[in-house]
**Student:** 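This is the structure, below, for whatever I ask next.
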Amino acid sequence: MDTKTNVPSNFIRDIIDEDLASGKHKAIVTRFPPEPNGYLHIGHAKSICLNFGLARDYNGTCHLRFDDTNPEKEETEYIESIMEDVRWLGFDWGEHLYYASDYFEQLYNLAVELIKQGKAYVCDLSPEEIRKYRGTLTEPGKESPYRNRSVAENLDLFERMRAGEFEEGSRVLRAKIDMASPNIVMRDPTLYRIRKVSHHRTGDKWCIYPMYDFTHCLSDAIENITHSICTLEFENNRALYEWILEQVYPEPHPRQIEFARLNLTYTMMSKRKLLQLVEQGIVNGWDDPRMPTLSGLRRRGYTPAAIRDFAERIGVAKANSTVDYAFLEHCLREDLNKTAPRAMGVLRPLKVVIENYPEGQVEYLEALNNPQDPEAGTRQIPFAREIYIEQEDFMIDPPKKFFRLAPGREVRLRFAYFITCTDVIRDDEGNIVELRATYDPETKGGSAPDGRKVKATLHWVAAEHSLPVEVRLYDHLFKVEDPSIGELEDILNPDSLEVLTESRVELNLKDAKPGDKFQFERQGYFCVDPDSTPDRLVFNRTAALRDTWSKVKGN
RNA sequence: UGGGGUGUCGCCAAGUCGGUAAGGCACAGGACUUUGACUCCUGCAUUCCCUGGUUCGAGUCCAGGCACCCCAGCCA
């Protein structure tokens, strides 16, 4: 355990501890550097929690920096959503909001400096030619015929690139490193390209844009980042990260550290494929509750606390791994169990008429708002002669292990009375449409004075005094654990969304607002969807409760 | 077949000087129960990718293998 928090230690914390102990740094500065080309997902949450969490725990600073160097893919819409999501997760960048595009002038000057040192040149090779010259994994590349242009010529050409004199794609600025390097990243990487498109922030001021490798290390350095944490696929780029800083930037330099990105079972994490789901209408937008985006999880009813807890508990390491989705759900339930008010909600109603209960009578019974939290208090719920119970809580011919309602059997209605099933009414097709029962007035509140026990407690709502609502049940979007392989049509789960239109919830929920979360007792956690209207609430099932019975009956 | 990484329970993941395998999830039993939920007990790697070696002793050191991931965008 770390001394400062209850967050388990990891190799990055070890590095920071050493840097602080050795006096290399007095304080740490990290950063979360999203490219504004899509919505944030649960994988980003791991990075956000890591970077902001480190800053918090070490009393340092964490910057939010938009890595906006590719105007063709980036949009302001994404910037807004990213900021909203980071805030929602519970983190605050304070004054430290930055854009790589704000450094364009500085970056340009540093590129000029590199040219002056003879370490960068303007190359006229076409993209195809550059690829050919690069060589392969096993063969060295060839040097570009433009590699040895004079500094003066390079300076002139680069300036004219900026001035817009050349065609898009006709020239690039390249670092002059080593075309024979075993690390392909070092084979004279492209530093600047010409793109005559306007940028969402700089407009038409620039027609040359710096590449990631050139921008990122220098942006880190400019912001005095101490630990630049990124994912494993950038490990090869670290050599270039360090090379650029060594050439043109004074010490101390930030240190790049790579960790394994998050993978989750049954979950697609690539932005490209998520975009595909949205564009093909397979889901209803980026915030579809089945999406792993933060906006989707938010709409589904996940809490920031649960996601933060999850991010901490999965750990940080360098081995590629895939976390079981059940672990995310576990963190969610752990949070909601403590915080979500309880309510009665019957998903698939079955009417029960209590024959010995007076017609027209309504009485109010006291119910605990949250048994896990004594402070939560109680509420009154209406009870009447006609109620609804869950269809699956009744079986005409119950197997041994089934101890809910059955003909002749007595069960408890939560916070209400014991009832005994006396009759079963069927329609013409033989479907069970209604139950008849009697109740024991002595068991009000749910316990019998004579001490007799019942095996089951059922949730219920009064038929008249309940609210008809829509409930949306979700399952994994994909039916395979690893959706990164296979074609969409083969791996999509056709039952990822089930809409229930006949559900009923207790009257107390009538003023619930989008985002409000409840535990429908014995069912799961539900949250009010923004699709709700004043006269019809829509609930999303965030997660079902653990269900031992479904395992017993083999489901 | 070049380079960079990683390999500890079904899934994550600790394991600082070599000293005799944490914890969580999942799973399986049991207790409790006005949520078959929660909670609480119990079980769950004689073994750390493999093979040798060093050592009184190795997941930890050495040597050699094997497997998997990343890199040939004017994407990030």
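A, B, ... follow the sequence lines: proteins, then strands. Residue 1 opens every chain. Side chains included, hydrogens not; waters and symmetry mates left out as well; all remaining heavy atoms used. All values derive from a computational prediction rather than experimental measurement.
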**Student:** Would you say rA76(B) has OP1 or OP2 under 4.0 Å from some side-chain N or O of Thr69(A)?
**Tutor:** yes
**Student:** Taking atom P in both rC25(B) and rC38(B), what distance in whole Å separates the two?
**Tutor:** 11 Å
**Student:** Mind checking who rU33(B) pairs with, Watson-Crick or G-U wobble, both distances under 3.5 Å?
**Tutor:** none
**Student:** At under 4.0 Å, does any side-chain N or O of Thr457(A) touch on OP1 or OP2 of rG36(B)?
**Tutor:** no
**Student:** Any side-chain N or O of Arg187(A) under 4.0 Å from OP1/OP2 of rC71(B)?
**Tutor:** no
**Student:** Starting the side chain at C-beta, find the nucleotide from rC12(B), rG7(B), rA72(B) nearest to Ala319(A).
**Tutor:** rG7(B)
**Student:** Counting any heavy atom closer than 4.0 Å, what does Gln372(A) reach on the DNA or RNA strands: base, sugar-phosphate only, or nothing?
**Tutor:** base
**Student:** Is any side-chain nitrogen or oxygen of Arg546(A) closer than 4.0 Å to OP1 or OP2 of rA26(B)?
**Tutor:** no
**Student:** For rC27(B), give the paired nucleotide (Watson-Crick: N1-N3 plus N6-O4 or O6-N4; G-U: N1-O2 and O6-N3; both under 3.5 Å), or none.
**Tutor:** rG43(B)
**Student:** Taking the P atom in each of rU6(B) and rU47(B), what is the distance between them to the nearest angstrom?
**Tutor:** 26 Å
**Student:** As a test of reading the structure: which of rG3(B), rC75(B), rG24(B) is closest to the side chain of His330(A), going by heavy atoms?
**Tutor:** rG24(B)
**Student:** If we ignore hydrogens and angles and just use 3.5 Å, is the side chain of Arg261(A) paired with the main-chain N or O of Thr231(A) as donor and acceptor?
**Tutor:** no
**Student:** Provide the Watson-Crick or G-U wobble partner of rG2(B), both distances under 3.5 Å; none if there is no partner.
**Tutor:** rC71(B)
**Student:** Could you tell me the Watson-Crick or G-U partner of rU55(B), where both distances fall under 3.5 Å? Say none if there is no partner.
**Tutor:** none
**Student:** Need one value for Leu125(A): base, sugar-phosphate or nothing, where a base atom within 4.0 Å counts as base even if backbone is also close, heavy atoms only.
**Tutor:** base
**Student:** Using a heavy-atom cut-off of under 4.0 Å over every strand shown, decide if Tyr212(A) touches base, sugar-phosphate, or nothing.
**Tutor:** base
**Student:** Nearest to the side chain of Glu233(A), heavy atoms from C-beta on, is which of rC75(B), rC70(B), rC38(B)?
**Tutor:** rC70(B)
**Student:** Please compare Arg522(A) and Met211(A) by the position of their nearest nucleotide in RNA chain B and report the one closer to 5'.
**Tutor:** Arg522(A)
**Student:** Just say parallel, tilted or perpendicular for the rings of Tyr78(A) and Tyr39(A), cut-offs at 30° and 60°.
**Tutor:** perpendicular
**Student:** Between Leu137(A) and Ile130(A), just flag the one whose closest nucleotide in RNA chain B comes earlier from the 5' side.
**Tutor:** Leu137(A)
**Student:** May I ask you to verify if any side-chain N or O of Lys551(A) is less than 4.0 angstrom from the OP1 or OP2 atom of rC27(B)?
**Tutor:** yes
**Student:** Within the structure shown, what part of the strands sits under 4.0 Å from Thr265(A) by heavy-atom distance: base, sugar-phosphate, or nothing?
**Tutor:** nothing
**Student:** Below 4.0 angstrom from OP1 or OP2 of rA13(B), is there any side-chain N or O of Ser321(A)?
**Tutor:** yes
**Student:** State whether Arg193(A) places a side-chain N or O below 4.0 Å from either non-bridging phosphate oxygen (OP1 or OP2) of rC75(B).
**Tutor:** yes
**Student:** Using the six-membered ring for Trp and the full ring for Phe, Tyr or His, decide whether Trp549(A) stacks on the six-membered base ring of rG36(B) (centres under 5.5 Å, planes under 30°).
**Tutor:** yes
